[in-house]
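All residue numbers in this chain count up from 1 along the given sequence.
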Amino acid sequence: MSNQKISKINAGIIGATGMVGQRFITLLSEHPYFNISVLAASPRSAGKKFSETIGGRWKMSVDIPESVKDMIVLDASDVGKVSSMCDFVFCAVELPKEETKKLEEAYAKTETPVVSNNSACRNLPDVPMLIPEINAFHAEVIETQRKRLGTKTGFITVKPNCSIQSYVPMLTPLLKYGVKEIAVTTYQAISGAGKSFEDWPEMIDNVIPFIGGEEEKSEKEPMKIWGGIKDGIVENAQTPPITSQCIRVPVTDGHLAAVFVKFEDRDSKPSKEEILKLWEEYKGEPQELNLPSAPEQFINYFEEDNRPQTKSERDLENGMAISAGRLREDSSGVFDYKFIGLSHNTLRGAAGGGVLSAEFLYRKGFIMKKS
């Protein structure tokens, strides 16, 4: 499919009124592969035009696309009706985990693939959790999942927690050198909580040293990303161990990470020049397939000591590139190297990452027209 004309297919957005749902709308309004055919949300939003139900809660920097302003929002729980109007769905609902899992599986069982922004299914070994540049091969487990769900074309795929994408890409090419230990502290924007300064004034001039559930995700989700496939399911990696702290900071968008890494054999660790070369050359299937949302340069290194900065680098390559800087040896000897990473949490880390995964799955034949 790499050179032929691509026919658009219909996408639904479940949870369209939330911040991530809104981001999906902006990313898909003029997408070359996907057409927004249906919006769905909670019962209180259903039955109204999107522009009416969103009211003053539109949080994007661009206006609501004309193509969705008059679209009638459906009830997300009306799975049959919503699924009949689209070929696949993006899901960004705000429900308890068990309810989210039940809803996503209900859509999958209507033979409607689900590309989820939620965490409810991330730990299931037959649900791929994709950063397509890193673990695209995990899509293989969809066959096992379909057997469990009793579907032919329906399945669920998820994207990982937004914060891990600020450091996992840089660590991945270093694993072949035998990484022994990793420590990371993430400084996370308020949009990661679905908030803006207008509705969370307590964050102005403030830092909160705790984000519920984030440290567990930061330590465990990379193990699934780095896992292999055994007997048709993802078998999580067991090493290297990661210890983390996650801090909420007064920034609109962009998660920054301070990373420390130690190697098993400290005498044969890679040089700084070797690491920078690995980062510069690192690419995956999104780049090879020239996917619309894929950054041309996956990891971008900045030589300046005061970069990457959240405000100036978060939008690099439409917010889909990863930034790195301040790679240096740890003079204390506790670790071998330390560096800074940065990613846009609602683009690469949320809706944009979901769209990239959908593009990849479409090009590989996992997502297709229903008829």
Residue E143 excluded, over 12 heavy atoms near CD under 6.0 Å: no
Heavy-atom donor-acceptor pair, R248 side chain to A189 backbone, under 3.5 Å: yes
Gap separating the CG atom of N161 from the OG1 atom of T186, nearest 0.5 angstrom: 8.0 Å
Heavy atoms of other groups near E94 CD, more than 12 under 6.0 Å: no
For E215, all residues meeting side chain to side chain contact (heavy atoms under 4.5 Å, CB included), sequence neighbours excluded: S244, Q245, C246
Verify same cluster id: Y282, I322 (apolar side-chain graph, 4.5 Å): yes
Sub-4.5 Å side-chain heavy-atom contact between L342 and S166: no
The single option from V179, I164, V259 passing side-chain contact (heavy atoms from CB on, under 4.5 Å) against L171: V259
K311 atom NZ, neighbour heavy-atom count above 12 within 6.0 Å: no
Separation of L74 CG from L39 CG (nearest 0.5 Å): 8.0 Å
N117 side, atom CG; I14 side, atom CD1 - distance, nearest 0.5 Å: 13.0 Å
Enclosure of D205 CG (heavy-atom neighbours >12, cutoff 6.0 Å): no
Rounded distance (nearest 0.5 Å) linking atom CD of E52 with atom CD1 of I72: 7.0 Å
Any L278 side-chain heavy atom under 4.5 Å of P270 side chain: no
Minimum side-chain heavy-atom gap F197-T252 below 4.5 Å: yes
Test salt bridge (Lys or Arg N to Asp or Glu O under 4.0 Å) applied to K102 and E99, step by step: CA-CA 5 Å; K102 184 178 179 181; E99 291 181 37; over 6 Å; no
Non-hydrogen atoms of S268 and Y177 that approach each other most closely: O-CD2, 4.4 Å
Nearest atoms (heavy-atom pairs only) where K48 meets R44: NZ-O, 3.5 Å
Side-chain ion pair, R307 and E313, N-O less than 4.0 Å: yes
Backbone of F50 reached by a side-chain donor or acceptor of T53 within 3.5 Å: no
Any donor-acceptor pair under 3.5 Å from E111 side chain to G154 backbone: yes
NZ/NE/NH1/NH2 to OD/OE distance under 4.0 Å, R348 and E133: yes
Heavy-atom check, side chain of I134 versus side chain of Q165, under 4.5 Å: no
More than 12 heavy atoms from other groups under 6.0 Å of CG on N236: yes
Nearest heavy-atom neighbours spanning V73 and S45: CB-O, 3.7 Å
Same apolar cluster (I L V M F W Y, side chains within < 4.5 Å links), V114/V158: yes
Under 3.5 Å: donor-acceptor pair, side chain of R122, backbone of A120: no
Minimum side-chain heavy-atom gap S323-L316 below 4.5 Å: yes
Carboxylate-amine/guanidinium contact K338 D330, below 4.0 Å: yes
Atom of Y107, atom of A76 and distance for their closest heavy-atom approach: OH-O, 2.7 Å
With K195 via salt bridge (Lys or Arg N to Asp or Glu O under 4.0 Å) - residues at least two apart: none
Please table the atom pairs, donor to acceptor, closer than 3.5 Å between any side-chain atom in residues 19-32 and protein atoms at least two apart or in another chain.
| from | atom 1 | to | atom 2 | distance (Å) |
| --- | --- | --- | --- | --- |
| Q22 | OE1 | K59 | N | 2.7 |
| Q22 | NE2 | T17 | O | 2.9 |
| Q22 | NE2 | R57 | O | 2.9 |
| R23 | NE | T346 | OG1 | 3.3 |
| R23 | NH2 | T346 | OG1 | 3.0 |
| T26 | OG1 | R23 | O | 2.8 |
| S29 | OG | T26 | O | 3.3 |
| H31 | ND1 | Y33 | N | 2.9 |
| H31 | ND1 | F34 | N | 3.2 |
| H31 | NE2 | E359 | OE2 | 2.5 |

Heavy-atom side-chain contact between V127 and F155 under 4.5 Å: no
Backbone of S196 reached by a side-chain donor or acceptor of D199 within 3.5 Å: yes
Carboxylate-amine/guanidinium contact R148 D126, below 4.0 Å: yes
Passing option when K370 is tested against T112, N10, D87 for side-chain hydrogen bond (donor to acceptor under 3.5 Å, both in side chains): T112
Carboxylate-amine/guanidinium contact E273 K277, below 4.0 Å: no
Donor-acceptor contact present, side-chain S332 to main-chain V334, <3.5 Å: yes
Hydrophobic cluster identity match, I229 and M223, side-chain contacts under 4.5 Å: no
Donor-acceptor side-chain pairing of E296 and Q287 below 3.5 angstrom: no
Between CE on residue M368 and CD1 on residue I9, distance to nearest 0.5 Å: 9.0 Å
K369 NZ: over 12 foreign heavy atoms closer than 6.0 Å: yes
Path from M320 to F360 over hydrophobic side-chain contacts below 4.5 Å: yes
Smallest separation among heavy atoms of K176 and P173, with atom names: CG-O, 3.7 Å
S191 and D253: side chain donor to acceptor below 3.5 Å: yes
Test item: R266 side-chain N/O and F335 main-chain N/O as donor-acceptor pair under 3.5 Å: yes
Side chains of F339 and M170 in contact at under 4.5 Å (non-hydrogen atoms): yes
CG/D63: more than 12 non-hydrogen atoms of other groups inside 6.0 Å: no
Parallel, tilted or perpendicular: rings of Y301 and W279 (30°, 60°): tilted
Heavy-atom neighbours of E280 CD exceed 12 at 6.0 Å: no
Closest contact, heavy atoms only, V79 versus S83: O-OG, 2.7 Å
Pairwise distance CD1(I275) to CG(L327) - rounded to 0.5 angstrom: 5.0 Å
Donor-acceptor contact below 3.5 Å, side chain E216 vs main chain G213: no
